[in-house]
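Have a look at the structure below before the remarks.
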Amino acid sequence: MTTAQILGVYAGKPEDRWDGKAPSAIRKSLIQGAVQLTETGIVEDQQADLAVHGGPEKALHHYPSEHYADWAELFGTSPFAYEPGTFGENISSSGFTEADLCIGDVFAVGTARLQICQGRQPCWKLNMHTQNPALAAHFQKTGKTGWYYRILETGVFRAGDSITLIDRPCPDWNLKDVIFARFNPKLESSTASALANLAVLADPWRAAFAKKVDPDFVEDTSRRLPGS
């Protein structure tokens, strides 16, 4: 059975941090004690742009602590310290990464039940937050994006709790592979079609894969990645 330990739980509020840029809640703080989960996430957590963040299909963002050492080795730790809790995630854990999981996996944590429904599409705010203009693109290139949960059952959990896999309805759809597929400009139409029809996948990702069925489709990421 796949299990990880929650190292930290984090929440934040929108801030105006960059001149001429939209506000962001990517900077989050460690929460002490138990947190209450609603259908849209941790009660204390907020999002700046609800058109692209938050909501039932992005209720919680989970990022494996294992990746931080890789980022620190690649980019160094100045001026940004690559350490758990600093990428805007709600949950930092030790025990599994994207390669160990599948889309649709269901987990028990505290009294709540969570389901993986999509990966993260990194944007320019990650670059600005870390003062690293290359980071969002490297997220996509490596597939080390973390993932989002929908809340199947609300409840309470805290740092130190175990997060345990209790159901795997889509064992053929490894999470890391699906993340790579989402960002693959030359994805095979048959794979795109299958993912577009995968019921447990979040609707925005299903819609994106539906577009990728057309071999001539070219996705424009010029605004999302560098913020141009």
CA sep, side-chain torsions, deciding dist, call: Val43, Val35, side-chain contact (heavy atoms from CB on, under 4.5 Å) | CA-CA 7 Å; Val43 170; Val35 295; over 6 Å; no

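- Under a 3.5 Å cut-off, the side chain of Lys212 and the backbone N or O of Asn184 do form a donor-acceptor pair.
- Contact between Trp173 and Ala194 at its shortest, heavy atoms only, is CZ2-CB, 3.7 Å.
- Screening residues 72-81 for salt bridge (charged side-chain N to carboxylate O under 4.0 Å, His left out) gives no qualifying pairs among residues at least two apart or on separate chains.
- Asp100 contributes atom CG, which lies 11.5 Å from atom OG1 of Thr3 (distance to the nearest 0.5 angstrom).
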Test Ser162 against Thr164 for side chain to side chain donor-acceptor pair (under 3.5 Å), laying out the working first.
-> CA-CA 6 Å; Ser162 294; Thr164 302; 5.1 Å; no

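- With rounding to the nearest 0.5 angstrom, the CG atom of Leu187 is 6.5 Å from the CZ atom of Phe209.
- In this structure, Leu7 is not a member of the same hydrophobic cluster as Leu114, with clusters built from ILVMFWY side-chain heavy atoms closer than 4.5 Å.
- In this structure, Trp124 and Leu225 have side chains that are not in contact, with every pair of non-hydrogen atoms separated by 4.5 Å or more.
- Considering only heavy atoms from C-beta on, Pro64 comes within 4.5 Å of Trp147 through its side chain.
- The same ILVMFWY cluster, assembled from side-chain heavy atoms under 4.5 Å apart, contains both Leu60 and Val200.
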Please list, one pair per line, the donor and acceptor atoms closer than 3.5 Å that link side chains of residues 74-82 to other protein atoms, with sequence neighbours excluded.
{"unit_1": "Tyr82", "atom_1": "OH", "unit_2": "Asn132", "atom_2": "ND2", "d": "3.1"}

Full working for side-chain contact (heavy atoms from CB on, under 4.5 Å) between Leu126 and Arg120 = CA-CA 11 Å; Leu126 182 64; Arg120 176 177 178 175; 3.9 Å; yes

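- Minimum heavy-atom separation, Lys176 to Thr142: CE-O, 3.8 Å.
- Using a distance-only test at 3.5 Å, with no hydrogens or angles considered, a donor-acceptor pair links the side chain of Ser189 to the main chain of Val213.
- The only option from Arg224, Arg182, Lys211 that meets the side-chain hydrogen bond (donor to acceptor under 3.5 Å, both in side chains) definition with Glu219 turns out to be Arg182.
- Here the shortest heavy-atom pairing between Ile42 and Ile31 reads CG2-CD1, 4.1 Å.
- In this structure, Gln118 contributes its side chain and Leu201 its backbone to no donor-acceptor pair below 3.5 Å.
- No side-chain heavy atom of Phe217 sits less than 4.5 Å from a side-chain heavy atom of Pro185.
- Going from atom CZ of Arg113 over to atom CG of Leu37 covers 11.5 Å, rounded to the nearest 0.5 Å.
- Residues satisfying the side-chain hydrogen bond (donor to acceptor under 3.5 Å, both in side chains) test with Arg150, not counting sequence neighbours, are Glu57, Gln115.
- The pair Glu15-Arg27 meets the salt-bridge criterion, with a side-chain N (NZ, NE, NH1 or NH2) lying under 4.0 Å from an Asp/Glu carboxylate O.
- For the pair Ala136 and Pro122, the tightest heavy-atom approach, listed with the atom from each and the gap, is O-CG, 3.3 Å.
- Side-chain atoms of His129 never come within 3.5 Å of backbone atoms of Lys125 as a donor-acceptor pair (strictly under, hydrogens ignored).
- Separating the CD1 atom in Ile103 from the CG atom in Leu198 is a distance of 7.5 Å, to the nearest 0.5 Å.
- With sequence neighbours excluded, the residues that form a side-chain hydrogen bond (donor to acceptor under 3.5 Å, both in side chains) with Trp71 are Tyr63.
- When every heavy atom of Ala99 is checked against every heavy atom of Asn174, the shortest pair comes out as O-ND2, 2.9 Å.
- The distance from atom CD of Glu66 to atom CD of Glu98, rounded to the nearest 0.5 Å, is 9.5 Å.
- Here salt bridge (charged side-chain N to carboxylate O under 4.0 Å, His left out) pairs that include residues 152-174, with residues two or more places apart or in two chains, are Asp105-Arg168.
- Inter-residue side-chain proximity for Val9 and Leu30 is flagged as unmet; no heavy-atom pair is nearer than 4.5 Å.
- Here the side chains of Phe157 and Ile6 are in contact, with some heavy-atom distance below 4.5 Å.
- Counting heavy atoms from C-beta on, the side chains of His67 and Thr97 come closer than 4.5 Å.
- Placement of Phe180 and Leu175 in two distinct hydrophobic clusters is found when ILVMFWY residues are connected by side-chain heavy-atom separations under 4.5 Å, directly or transitively.
- For Asn127 against Leu135, the heavy-atom pair with the smallest separation is OD1-N, 3.4 Å.
- Separation of atoms CE (Met128) and SG (Cys123) is listed at 10.5 Å; rounding is to 0.5 Å.
- Contact check for Ile116 versus Tyr148: no side-chain heavy atoms found under the 4.5 Å cut-off.
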Should Leu195 and Arg206 be marked as a side-chain contact (heavy atoms from CB on, under 4.5 Å) after you check the CA-CA gap, both sets of side-chain angles, and the distance that decides it?
-> CA-CA 6 Å; Leu195 286 165; Arg206 292 179 64 188; over 6 Å; no

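- Clustering ILVMFWY residues whenever any of their side-chain heavy atoms sit less than 4.5 angstrom apart, transitively, puts Ile163 in the very cluster that holds Leu165.
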Show me the donor-acceptor pairs within less than 3.5 Å that the side chains of residues 83-95 make with the rest of the protein, sequence neighbours left out.
{"unit_1": "Thr86", "atom_1": "OG1", "unit_2": "Glu83", "atom_2": "N", "d": "3.4"}
{"unit_1": "Thr86", "atom_1": "OG1", "unit_2": "Glu83", "atom_2": "O", "d": "2.5"}
{"unit_1": "Glu89", "atom_1": "OE1", "unit_2": "Tyr68", "atom_2": "OH", "d": "3.2"}
{"unit_1": "Glu89", "atom_1": "OE1", "unit_2": "Phe87", "atom_2": "N", "d": "2.9"}
{"unit_1": "Glu89", "atom_1": "OE2", "unit_2": "Tyr68", "atom_2": "OH", "d": "2.7"}
{"unit_1": "Glu89", "atom_1": "OE2", "unit_2": "Gly85", "atom_2": "N", "d": "2.8"}
{"unit_1": "Asn90", "atom_1": "OD1", "unit_2": "His61", "atom_2": "N", "d": "2.9"}
{"unit_1": "Asn90", "atom_1": "ND2", "unit_2": "Tyr10", "atom_2": "O", "d": "3.1"}
{"unit_1": "Asn90", "atom_1": "ND2", "unit_2": "Asp45", "atom_2": "OD2", "d": "3.0"}
{"unit_1": "Ser93", "atom_1": "OG", "unit_2": "His62", "atom_2": "NE2", "d": "2.7"}

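- Here the side chains of Lys21 and Asp19 are not in contact, with every heavy-atom distance at 4.5 Å or above.
- Asn197 places a side-chain N or O within donor-acceptor distance of the main-chain N or O of Ser193, the cut-off being under 3.5 Å.
- Thr111 places a side-chain N or O within 3.5 Å of a backbone atom of Val156 that can act as its donor or acceptor partner.
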